[in-house]
Each structure stands twice: as C-alpha cells, then as structure tokens.
There are 2 protein chains.
Amino acid sequence: MRQLRYFVAVAEHLSFSRAAEYLNLAQQSLSQQIQALERGLGVRLFDRDTRGTRLTAAGQVFLPEARAVLTRFDTAVVVVQRADRGEMGRLNLAFLTSTANYMLPPVVRAMRERFPDLELTTYNVPIDELVAGVRAGRFDAAFTRPPLVADLVTRVLAVEPVCAVLPAGHPLANRDVLSLSDLAAENWVLTPRESWPPWHARYDRDFAAAGFTPRVVQRAAGVPNLLGLVAAGVGVTRLARSARSIRRTGVVFVPLADDHAETVVAWMPAREGPALRNLLDVTATLTGTADLTSAG
Amino acid sequence: MRQLRYFVAVAEHLSFSRAAEYLNLAQQSLSQQIQALERGLGVRLFDRDTRGTRLTAAGQVFLPEARAVLTRFDTAVVVVQRADRGEMGRLNLAFLTSTANYMLPPVVRAMRERFPDLELTTYNVPIDELVAGVRAGRFDAAFTRPPLVADLVTRVLAVEPVCAVLPAGHPLANRDVLSLSDLAAENWVLTPRESWPPWHARYDRDFAAAGFTPRVVQRAAGVPNLLGLVAAGVGVTRLARSARSIRRTGVVFVPLADDHAETVVAWMPAREGPALRNLLDVTATLTGTADLTSAG
DNA sequence: AGTGGTTACAGTCTTAGCCTGTGAGCGTCG
DNA sequence: CGACGCTCACAGGCTAAGACTGTAACCACT
C-alpha cells in the first residue's frame with residue numbers, strides 16, 4: 001500500500017529526489033522502498049541512471065493499475081466511514097399491512113431525500129410476523145400499532161381518532177360522534193383473537209369499560225375484509241380513521257368519543273445502529289411536519 | 001493492505017482465533033491489527049464479545065470494499081508481471097510504405113495470435129521518417145529495407161529477387177532473366193536522391209559495378225509512382241519482386257541475375273524490452289514458416 | 001576541473017508487528 | 001456448583017521493516 005503510493009509519486013515526479021521531498025521522506029528511503037517493491041513484484045519498474053528516472057514499459061502498465069488500487073482503497077475508506085455514520089448500508093423496514101398505505105410513502109420519500117445511499121427494503125407483513133421479524137433481526141424497524149411486547153422499544157409517530165364503522169344507511173350513520181356503548185346491541189365483525197393477543201386484550205378492556213361484551217357474528221383477518229363485511233351489512237366494527245383510505249363505499253366512519261389509536265415505530269434497542277438512528281431522526285421530524293394519517 | 005487481508009479473514013471466519021490460525025498468526029496479533037485498522041478508519045468493524053465475533057453494519061459494508069481492493073491489487077500484480085514478460089503493453093510498429101502490403105498482415109496476425117493482450121499500433125511511413133521515429137523512440141520496431149544507419153540493429157526477415165521493371169512490350173520484356181548491364185542504354189526512372197542517401201549510395205555502387213551510369217529521365221517518390229511512369233513508357237526501373245503486388249498492368253518484372261533485396265526488422269538495441277523481444281521471436285518464426293514476400 | 005544534479009550503498013535507530021504469557025467473561029458439562 | 005473450554009483483550013519482549021544520515025559513483029554543464 002505504502003509502496004504503491006511511493007511508486008505513483010516517483011512515477012509522477014520522474015525523480016526519486018523530488019518525489020521524496022513531496023512525500024516528506026529521504027531520497028534513500030524512497031529508493032529502498034521502490035527496490036523492495038520491485039523485488040516483491042519481480043519486475044523492474046524504473047530505468048534509473050545517473051541523470052534521471054524513467055518508467056519501464058512494465059512500469060507504464062503498472063502506473064494506472066496502482067492508481068486504481070489506491071483510489072479503490074480511498075473510496076472504500078470513505079464508504080465505510082459513511083456507513084459508520086449511518087448514511088450508507090441497508091435497512092429492512094416492516095410495515096403493518098394496515099399502516100403501510102399511509103406510512104410507507106412519506107417515510108420512504110423522506111429517507112431517500114436525506115440519505116440517498118441508504119438502501120431501504122420494505123415489507124408489508126401481518127402483526128405476528130412483524131414482531132417476530134424485528135426480534136429476529138430480519139427487520140431493523142417496524143411501523144405498526146401498539147401494544148406490542150416488552151423487549152421492543154416504540155416511539156409514537158401519529159395519533160388519530162378511532163371510528164365506529166357502520167354499513168351505509170345504518171340508523172346511527174348520520175351521527176357526528178358516538179360512544180362505544182351506543183353499539184352494545186350491534187352485531188360485530190372483528191379480527192381473529194389469535195392474530196395478536198395484546199390487541200385483543202386491549203379491545204376486551206375497552207368493551208368492558210363500555211359495559212358490554214360485543215356479539216361477534218364473524219371474524220375475518222385484515223382490514224379490507226372487515227370493511228367488506230361491514231359494507232355487506234354483516235355487522236359493525238371499530239377501526240382507526242385512516243382505514244377510510246382502504247374503502248369508502250358502502251361504509252360510514254363515525255368518530256368514537258375519547259378513543260384514539262397510535263401508530264408507532266418499533267425496534268430492538270440492542271440493534272440500534274447509526275442507520276437506524278438516522279431513520280428514527282427522520283421519522284421524528286416527519287411527525288412534526290405533517291399529519292401522517294391523512295395521506296391515505 | 002495486510003490489515004485488509006486480516007479483516008477479510010476475520011470477517012470470513014467470524015472468529016479471531018480461527019482466522020489467526022488460518023493466517024498462521026497468533027490470535028493476539030490479529031486482534032491488535034484489527035484494532036489498528038479500526039483506529040485508522042475511525043470505525044468499529046466488529047462486535048466482539050466473549051462468545052464470538054460479528055460484523056457491524058459498517059463492517060458488512062466494508063467487507064466487499066476490502067475484497068475489491070485486494071482483488072484489484074492482485075490483478076495489478078498479475079498485469080505488471082505479464083507486462084514484464086512482454087505479454088502486455090503497447091508496441092508501435094513502423095512499416096515502410098512499400099513493404100507494408102506484404103509484411104503487415106502476417107506480422108499483425110501472428111502477434112495477435114501469440115500475444116493477444118499486446119496492443120499493436122502500426123504506421124505506414126516513408127524511410128526517413130521511419131528511421132527518425134525508431135531513433136526517437138516513437139516506433140519500437142520498423143519493417144523496412146537496408147541499408148539503414150549504424151545505431152539500428154536489423155535482422156533479415158525475407159530475401160527476394162530484384163527485377164528490372166520494363167514497360168509492357170519492351171524488347172527485353174520476354175526475357176527470363178537479365179543482368180543490370182543489359183539496361184545500360186535505357187532511360188531510367190528512380191526515386192529522388194535525397195529520399196534516403198544510404199539506398200542511393202548502394203544503387204550507385206551497383207550501377208558502377210555494371211559498368212554504366214543510368215540516364216535518369218525522371219525522379220519520383222514512391223513505388224506506385226515509379227510503376228506508373230514505367231507503364232507510361234517514360235523509362236525502366238529496378239525494384240524488388242514484391243512490388244508486383246502494387247501494380248501488374250502495363251509493366252513487366254524480369255529478374256536480374258544475382259541481385260537480391262532484403263526485408264529487415266530494425267530496432268534500437270538500447271530500447272530492446274521484453275515486448276520487443278517477443279515481436280522479434282514471432283517474426284523469426286514467421287521467416288521460417290512462409291514466404292513472406294509472396295503474400296502481396 | 002568544479003558544481004549541481006541524479007541514484008545507490010552502508011550504517012544507525014525507532015517502532016510496527018510479531019510472539020508468548022496472562023486474564024476476564026460467558027457457556028457447557030460433569 | 002465449580003471445572004473446563006471457548007471467546008477476545010492486555011502486557012511485555014524481540015525482530016526486522018522502514019526511517020534517518022553519511023558517503024559514493026556517475027553524468028552534464030560551466
């Protein structure tokens with residue numbers, strides 16, 4: 001490496017003395033190093049005689065090669081330092097299917113703007129796979145809804161109203177606001193209990209606080225399916241307002257008083273690297289600048 | 001450089017101990033070198049703890065970079081060694097205009113076959129420019145006709161008969177062979193005396209030996225022009241038989257007894273590098289295998 | 001012949017880089 | 001639960017690479 005730099009310096013100056021001066025080095029040491037390089041390669045690189053130095057044919061061929069090695073090395077150094085600052089590398093991001101439609105575009109756009117060399121790979125996944133993936137390190141961060149599990153750290157990115165979702169033409173559909181207890185007598189469609197126990201534990205608490213146990217006539221996985229069932233008149237359900245972006249026909253969203261849903265970014269604190277920190281910074285500024293949930 | 005090799009070894013083995021064994025090195029020394037590398041870069045490359053070693057995100061980015069630098073270096077070494085053996089590099093070859101038509105194709109073809117990575121550049125030049133170019137180093141070798149000058153070394157590649165060139169229908173045109181003295185009474189066309197004095201000095205000796213001084217009615221530079229003048233009946237001239245390849249109509253070539261012309265390769269002995277030696281080897285084998293002058 | 005330029009050789013010294021010995025931390029197994 | 005085996009890191013000693021200075025040989029120009 002050093003010998004390559006020395007070689008290039010001598011080749012550029014065509015003089016051991018001047019190259020040595022340029023390198024802040026004694027001419028003798030430079031001679032010695034070039035000889036060592038020539039010995040190592042088994043190739044004579046310079047024709048020297050008492051009145052100067054010229055490149056041999058082999059030396060002329062070696063000069064661009066040596067330059068290429070050095071610049072390759074220099075860029076490697078720059079790249080690893082940028083990677084260390086989290087400006088390069090790869091981030092695998094998981095989006096909960098029901099949050100992807102409004103969270104993914106602004107996040108990806110802002111990241112590409114601030115860190116164009118950071119390679120983002122995004123995945124739309126159900127909640128259980130999302131949590132397992134973050135824990136296993138398959139995902140560096142996930143955009144999802146709480147509650148999750150204790151070993152993941154979360155930060156709230158957006159808060160939005162929760163709405164009752166009623167079939168169009170339902171007696172309560174023209175109300176401006178409802179409370180959960182207004183829906184005690186309805187038929188309900190909800191997601192399967194096993195999809196993510198922490199969510200259903202919270203639902204159970206909410207329904208208990210409203211003083212009833214919902215009569216569940218149908219369970220279906222995924223927000224689009226729930227909305228389809230509501231539109232078909234099978235029952236009512238309860239979703240964050242951003243779910244409106246998935247389906248607008250045949251269903252009516254009526255805000256539920258004092259009921260809010262959070263969207264969070266979640267990650268493993270042990271795996272918090274610089275690139276992840278940059279992602280968290282960017283999402284934090286996003287939270288301040290725009291209403292993320294209105295994008296859908 | 002060494003540190004890069006060490007880094008790649010550790011990254012591949014994901015263990016300082018095993019990598020050290022692989023490198024025939026104490027684990028402690030390897031640890032030390034990696035620390036030095038990390039200190040030099042200002043970047044932590046490995047997450048080590050008591051039960052193993054993993055690459056950091058920056059390390060993962062650095063691994064392909066380091067590999068690239070090393071392979072670039074390895075190819076540089078191979079390239080310079082091939083260049084040293086004369087298998088790579090560049091050769092500038094000069095061909096005397098009148099020899100190019102039969103010498104250039106076989107030489108270039110044979111060189112491309114034996115040394116495909118040797119870059120050949122060929123030039124068709126008049127004799128004075130050819131000699132000056134070889135002396136100045138613009139050409140590494142030249143294919144031409146002797147005599148030249150003392151400081152160029154030459155090797156004979158081909159010998160061919162010299163012919164009297166007569167207009168078609170000339171009284172002597174149907175003879176199988178002539179001697180120079182048969183042409184004492186003819187009108188002559190020859191090249192200008194200043195084109196290349198050593199040639200004309202030889203011509204003068206030949207004519208003197210034949211017992212006459214040619215009556216020169218026209219001087220013209222270049223074999224095609226001479227042939228044109230002969231075809232036009234202006235006079236006769238004297239050329240190597242290979243000149244037939246330039247023009248066959250209106251002229252008749254009759255061999256001159258005991259008169260032969262050589263084609264030689266010429267070079268500066270001081271500039272004799274490995275690539276040039278390879279060229280000389282190839283031309284030597286060419287001389288053995290085929291009649292070069294018949295190609296025209 | 002003297003002067004200023006080139007590179008190469010020889011001797012000295014510093015320190016990079018290797019070694020061995022040791023220790024701390026974690027996991028496994030008797 | 002302690003011994004053992006594995007990991008990597010630290011400490012001290014030694015060798016040799018790579019720096020320095022001094023000298024010499026050679027050439028060109030004055």
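Convention: sequence-line order gives letters A, B, ...; per-chain numbering from 1.
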**OP:** Using a 4.0 Å heavy-atom cut-off across all strands, classify Tyr6(B) as base, sugar-phosphate, or nothing.
**Re:** sugar-phosphate
**OP:** Write down the distance between CD (Gln33(B)) and C1' (dC18(C)), rounded to a whole number of angstrom.
**Re:** 9 Å
Subject >> Whole-Å gap separating P (dT6(C)) and CZ (Arg54(A)) >> reply: 14 Å
**OP:** Nearest 0.5 Å please: distance from the CE atom of Met103(A) over to the OG1 atom of Thr263(A).
**Re:** 6.0 Å
**OP:** Among dT7(C), dT7(D), dC20(D), find the nucleotide with the atom closest to the side chain of Arg48(A).
**Re:** dT7(C)
Original post:
Does Arg18(A) put a side-chain nitrogen or oxygen below 4.0 Å from OP1 or OP2 of dT6(C)?
Top reply: yes
Original post:
Just how far, in rounded Å, is P of dC8(D) from CD1 of Ile34(B)?
Top reply: 11 Å
Original post:
So Phe16(A) and Phe46(A), would you call those rings parallel, tilted or perpendicular, with 30° and 60° as cut-offs?
Top reply: perpendicular
Subject >> Residue Gln35(B), side-chain heavy atoms: nucleotide from dT7(D), dT6(C), dC10(D) that is nearest >> reply: dC10(D)
Subject >> Closest listed nucleotide, where the reference is the side chain of Thr53(B) and the choices are dT21(D), dA8(C), dT7(D) >> reply: dT7(D)
Subject >> Heavy atoms from other residues, nucleotides or ligands near CD of Glu21(B) exceed 12 (cutoff 6.0 Å) >> reply: no
Original post:
Does OP1 or OP2 of dC20(D) have a side-chain N or O of Ser29(A) closer than 4.0 Å?
Top reply: yes
Original post:
Between atom NE2 in His13(A) and atom P in dT6(C), what is the gap in whole Å?
Top reply: 12 Å
**OP:** Identify the heavy atoms of Phe143(B) and Thr99(B) that sit nearest to each other, and give their distance.
**Re:** O-OG1, 3.2 Å
Subject >> dA8(C) base / Gln32(A) side chain donor-acceptor hit below 3.5 Å >> reply: no
**OP:** Could you check how far CD of Gln3(B) sits from P of dA17(D), rounded to whole Å?
**Re:** 17 Å
**OP:** Whole angstrom is fine here: how far is it from CG in Asn24(B) over to P in dG17(C)?
**Re:** 18 Å
**OP:** Report yes or no: is there a donor-acceptor pair, N or O only, under 3.5 Å between the side chain of Gln27(A) and the base of dA8(C)?
**Re:** yes
Original post:
Atom CG of Leu30(A) to atom P of dT21(D): distance rounded to whole Å?
Top reply: 14 Å
Original post:
Gln28(A) or Arg2(A): which one's nearest nucleotide on DNA chain D is closer to the 5' end?
Top reply: Arg2(A)
Original post:
Closer than 4.0 Å, any side-chain N/O of Ser31(A) to the OP1 or OP2 of dT7(C)?
Top reply: no
Original post:
Of the nucleotides dC18(C), dT7(D), dA11(D), which one has an atom closest to the side chain of Ser17(B)?
Top reply: dT7(D)
Subject >> Pair Glu12(A) + Arg67(A), salt bridge at N-O below 4.0 Å >> reply: yes
Subject >> Separation of dA19(D) P from Phe16(A) CZ (nearest whole Å) >> reply: 14 Å
